[in-house]
Colleague: 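Let me give you the structure first, and then I'll get to my questions.
All figures in this text were calculated on a predicted structure; none of them were measured in a lab. Just so we're on the same page: letters track the sequence lines, and every chain starts at 1.
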Amino acid sequence: MFRSALRALALLGAMAAGPAVAPALAQDHAHEAEELPHTHFHFAGLFGTVDRSAAQRGFQVYKEVCSACHSMRLLSYRNLLELGLSDAEVRAIAATVTVNDGPNDEGQMFERPGRLSDHFRSPFANDQAARAALNGALPPDLSVITKAREEGPQYVHALLTGYSDPPPGMTMGGGMNYNRYFPGNQIAMTPPLREEGQVEYADGTKATVEQMAFDVVNFLQWAAEPEMEARKRMGVKWVLFLVILGGLAYATKRKIWANVPH
Amino acid sequence: MSIGLHNSAFKNPVIRWVDSRLPIFSMMQNEYGSFPTPKNFNYFWNFGALAMINLMIMIATGIFLAMHYTPHVTMAFDSVERIMRDVNYGWLFRYVHANGASMFFIVVYIHIWRGMYYGSYKAPRELLWMIGVVIFLLMMATAFMGYVLPWGQMSFWGATVITNLFSAFPVVGDSIVTLLWGGFSVDNPTLNRFFSLHYLLPFVIFGVVFLHVAALHITGSNNPLGIDPKGPQDTVPFHPYYTAKDSVGMVVYFIVFASLVFFAPNLLGDPANYIPANPLVTPTHIVPEWYFLPYYAILRAVPDKLGGVLLMFGSILVWFILPWLDTSPVRSMRFRPIAKWFLLLWGIAFGTLMYCGGKPPEGIYVVLSRVATLYYFAWFLVILPVLGRLERPLPLPESIAKPVLRGGGPLPAGAMTKPMEKA
């Protein structure tokens with residue numbers, strides 16, 4: 001009797017825990033901002049690779065639009081070679097910026113054109129300079145931005161295309177912009193991708209806002225995980241090797257244990 | 001053999017020469033070669049060996065990471081990213097090390113659960129179990145300090161929250177916190193000492209693991225039936241039988257490990273740790289890594305700070321006295337029809353705490369955390385001691401070699417103290 005009572009108690013406990021978790025999950029979603037729309041990217045999935053033409057266009061968007069405020073200080077110009085740009089192209093891109101170097105033999109600092117080995121030049125000398133120029137807002141560095149946000153690529157894509165007029169009745173802070181996907185819906189960044197043709201793609205792709213957002217996400221994802229293709233390739237080899245090794249190990253184990261009654 | 005030399009059984013003259021003077025080959029042969037091991041292990045018994053492998057992987061990758069890492073608040077984050085981008089295979093080493101921590105906890109949690117389910121903590125293995133708890137505490141400290149090193153937002157704020165817990169202790173609390181920080185806030189001295197200790201502790205763990213294995217080889221392994229081997233018919237030599245079986249588990253473990261490292265390296269991490277640490281910006285939700293969530297939930301389930309801290313530490317310290325809290329003479333839950341379900345429920349409570357620890361401390365999560373915390377401790381402090389005296393275990397098999405029961409074997413003494421009708 002005691003035993004069956006205990007068992008009933010245990011079952012009751014297990015059942016009570018089950019449904020209690022379900023509403024908790026539902027409540028959690030109610031708190032979040034609008035659900036992110038899902039865009040398919042070429043880099044997604046186990047075998048996904050970098051869409052180089054999209055990423056190259058995305059670099060152009062970064063260079064001509066984003067880099068006015070956002071740094072990418074962890075990248076170097078030489079990294080662009082991995083994106084499929086030619087050596088001459090990358091050297092030309094690097095040479096467009098001016099870099100402070102020195103001290104030279106006379107102890108003087110001097111300016112020179114950028115080189116392959118230089119890090120991407122940051123638009124502001126420091127955070128304070130950025131805030132002073134941008135109404136107090138600090139634009140985050142974009143080097144690893146897709147890794148630094150939940151569902152990074154989807155989030156960045158949604159954010160760039162999520163601007164609209166605020167819903168009636170909503171009071172916006174001074175200099176703030178309404179964005180459906182930004183936590184709290186008020187973002188200091190003005191809509192960066194405003195109109196079709198804001199950048200002129202060399203490959204003739206029509207530069208719609210959607211296209212530019214898509215391209216720049218491809219670029220940012222590559223910038224955040226430049227090792228992705230090598231990593232996935234190595235992963236496929238490892239897993240295939242391990243599956244075969246596992247089969248052999250299991251067969252060996254079966255053979256060794258065959259004469260043990262157990 | 002002359003006096004003073006070990007009588008070696010090895011034939012190879014070089015090995016024999018060494019072994020006669022320093023019998024390490026004999027020791028390896030005795031402990032890992034011919035060591036008599038119960039022949040009825042299931043795959044749960046793989047996880048001790050897996051934990052050992054995991055420790056070695058962590059030390060190996062960690063040594064290489066330390067060659068490229070810079071423990072300074074202005075450079076730590078960038079040096080980690082430099083490892084990811086510019087060091088040859090740096091991304092591989094870092095992802096193996098970061099995911100290796102998660103794998104280590106997965107493996108060790110299963111290892112601990114195995115011990116709980118099959119009663120591996122009971123006499124004569126109490127000290128073996130307690131040394132294991134020491135290893136787990138050292139692992140927690142090491143993992144915590146390692147997570148601080150990349151100096152991201154969660155590194156910084158996790159360190160701030162966890163070190164601040166010690167301020168709850170009366171009188172000495174604030175001094176302890178100052179000592180941990182090396183100053184008056186989490187800053188460069190904190191990062192430096194954490195790096196130093198993070199490098200040191202794994203070797204301490206290695207030493208304690210050696211004691212764990214040494215103690216194991218005195219008592220011998222437990223087994224799924226929880227009964228002692230009665231003779232050679234119940235055991236097999238460790239090699240080749242369990243080296244072969246452990247190899248199978250090892251490959252499966254590597255497949256899981258590789259899947260994480262190569263295809264979802266950031267799945268178990270927090271995106272906020274890719275934002276450089278900023279003492280002026282507090283993240284919306286400060287959460288520790290997944291393996292600490294159950295204790296974090298216990299901490300937050302208690303309205304009183306000191307109470308929460310004590311209960312949190314108590315939730316692991318109580319494992320030390322587990323061998324004496326469990327009053328049942330039967331080891332394996334296979335033969336404990338009631339306790340089995342209560343232990344399963346404890347596992348659910350642990351899972352519930354892990355889930356709640358990752359959620360904001362409000363509403364239903366607080367209620368769930370409190371219920372689960374209550375049951376967590378009730379299992380150890382009330383149910384286990386009482387149930388051992390009341391429960392009537394199933395008849396134990398006569399021996400490992402003869403597990404098939406014919407009308408039931410002898411009941412252990414103590415199980416008969418309170419006979420009940422068979423339900």
Side-chain angles (χ1 to χ4, degrees), chain A residues 1-4 6-7 9-11 13-14 16-17 20-21 23-24 27-28 31 45-46 73-76 79 140-141 143-152 183 224-227 230-236 238-239 242-243 245-250 252-257 260-262, chain B residues 39-40 78 81-82 84-86 90-92 95 152-153 236 240-241 244-245 247-248 250-252 254-255 258-259 261-263 265-266 271-276 284 337-338 341-342 344-345 348-349 352 355-356 359-360 363-365 367-368 371-372 375 387 390-392 400-401 420-421 423:
Chain A
M1 235 208 67
F2 175 72
R3 184 174 149 178
S4 51
L6 279 178
R7 183 171 286 177
L9 202 75
L11 268 173
V21 176
Q27 188 194 27
D28 187 46
H31 275 294
L46 295 188
R73 63 193 172 82
L74 298 175
L75 274 85
S76 303
N79 295 137
D141 183 88
S143 309
V144 288
I145 198 73
T146 59
K147 288 200 287 190
R149 299 290 183 274
E150 293 283 354
E151 292 188 74
E225 300 187 33
E227 88 296 344
R231 170 161 58 77
K232 286 177 178 173
R233 270 201 307 273
M234 193 188 280
V236 170
W238 263 101
V239 171
L242 286 169
V243 167
L245 184 69
L248 292 174
Y250 187 66
T252 310
K253 184 254 169 195
R254 287 284 297 249
K255 189 160 164 53
I256 287 172
W257 281 81
V260 181
H262 65 283
Chain B
K39 65 180 188 179
N40 61 330
D78 287 8
E81 274 301 320
R82 188 175 162 77
M84 296 293 290
R85 289 160 189 275
D86 291 338
W91 59 268
L92 180 61
Y95 278 153
Q153 273 290 68
V236 289
Y241 292 96
K245 192 163 183 172
S247 301
V248 176
M250 202 170 83
V251 174
V252 175
F254 275 125
I255 289 176
S259 307
V261 166
F262 293 111
F263 299 111
N266 293 308
N273 226 29
Y274 279 110
I275 303 171
T284 335
I338 306 172
W341 294 104
F342 279 105
L344 213 64
L345 192 57
I348 293 171
T352 307
Y355 172 77
C356 292
K359 296 290 168 188
I364 183 78
Y365 304 119
V367 181
L368 270 177
V371 173
Y375 184 77
L387 198 58
L390 300 179
E391 182 186 38
R392 182 191 169 90
I400 294 172
M420 283 172 286
E421 79 272 25

Colleague: Going by ring pair (Phe, Tyr, Trp, His ring centres under 6.0 Å), name the residues that satisfy it together with B:Tyr95, two or more places apart in sequence or in a different chain.
Modeller: none
Colleague: Contact part of B:Leu344 toward chain A, heavy-atom cut-off under 4.5 Å: side chain, backbone, both or neither?
Modeller: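 Nothing of B:Leu344, per the 4.5 Å heavy-atom cut-off to chain A.
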Colleague: Could you check if a side-chain atom of A:Arg149 sits within less than 4.5 angstrom of a side-chain atom of B:Pro271, using non-hydrogen atoms only?
Modeller: no
Colleague: Which bit of A:Arg233 comes within less than 4.5 Å of chain B, counting heavy atoms only: side chain, backbone, both or neither?
Modeller: neither
Colleague: Check each atom of B:Val252 against the heavy atoms of chain A and say whether the ones under 4.5 Å are side chain, backbone, both or neither.
Modeller: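 No part of it gets close to chain A.
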Colleague: Is there a side-chain contact between B:Tyr274 and A:Thr146 (heavy atoms, below 4.5 Å)?
Modeller: no
Colleague: Looking only at heavy atoms and a cut-off of under 4.5 Å, which of B:Ile275, B:Asn273, B:Thr284, B:Val371 has the most pairs with chain A?
Modeller: B:Ile275
Colleague: Within the 4.5 Å heavy-atom criterion, are A:Arg73 and B:Glu81 side-chain neighbours or not?
Modeller: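 No, every pair of side-chain atoms sits at 4.5 Å or beyond.
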Colleague: May I ask you to decide if A:Arg231's main-chain N or O and B:Trp91's side chain share a donor-acceptor pair within less than 3.5 Å?
Modeller: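 Not confirmed, B:Trp91 side chain does not pair with A:Arg231 backbone.
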Colleague: For the residue pair A:Ala249 and B:Val248, what are the closest heavy atoms and their distance?
Modeller: O-CG2, 3.5 Å
Colleague: Please examine the side chains of A:Lys232 and B:Phe262, heavy atoms only from C-beta on, and report whether any two atoms are closer than 4.5 Å.
Modeller: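 Sidechains of A:Lys232 and B:Phe262: no contact.
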Colleague: Looking only at heavy atoms and a cut-off of under 4.5 Å, which of B:Arg85, B:Gln153, B:Met250 has the most pairs with chain A?
Modeller: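 The residue among B:Arg85, B:Gln153, B:Met250 with the greatest pair count is B:Arg85.
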Colleague: So do B:Phe254 and A:Val239 actually touch side chain to side chain, heavy atoms under 4.5 Å?
Modeller: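 They are not in contact (no side-chain heavy atoms under 4.5 Å apart), so the answer is no.
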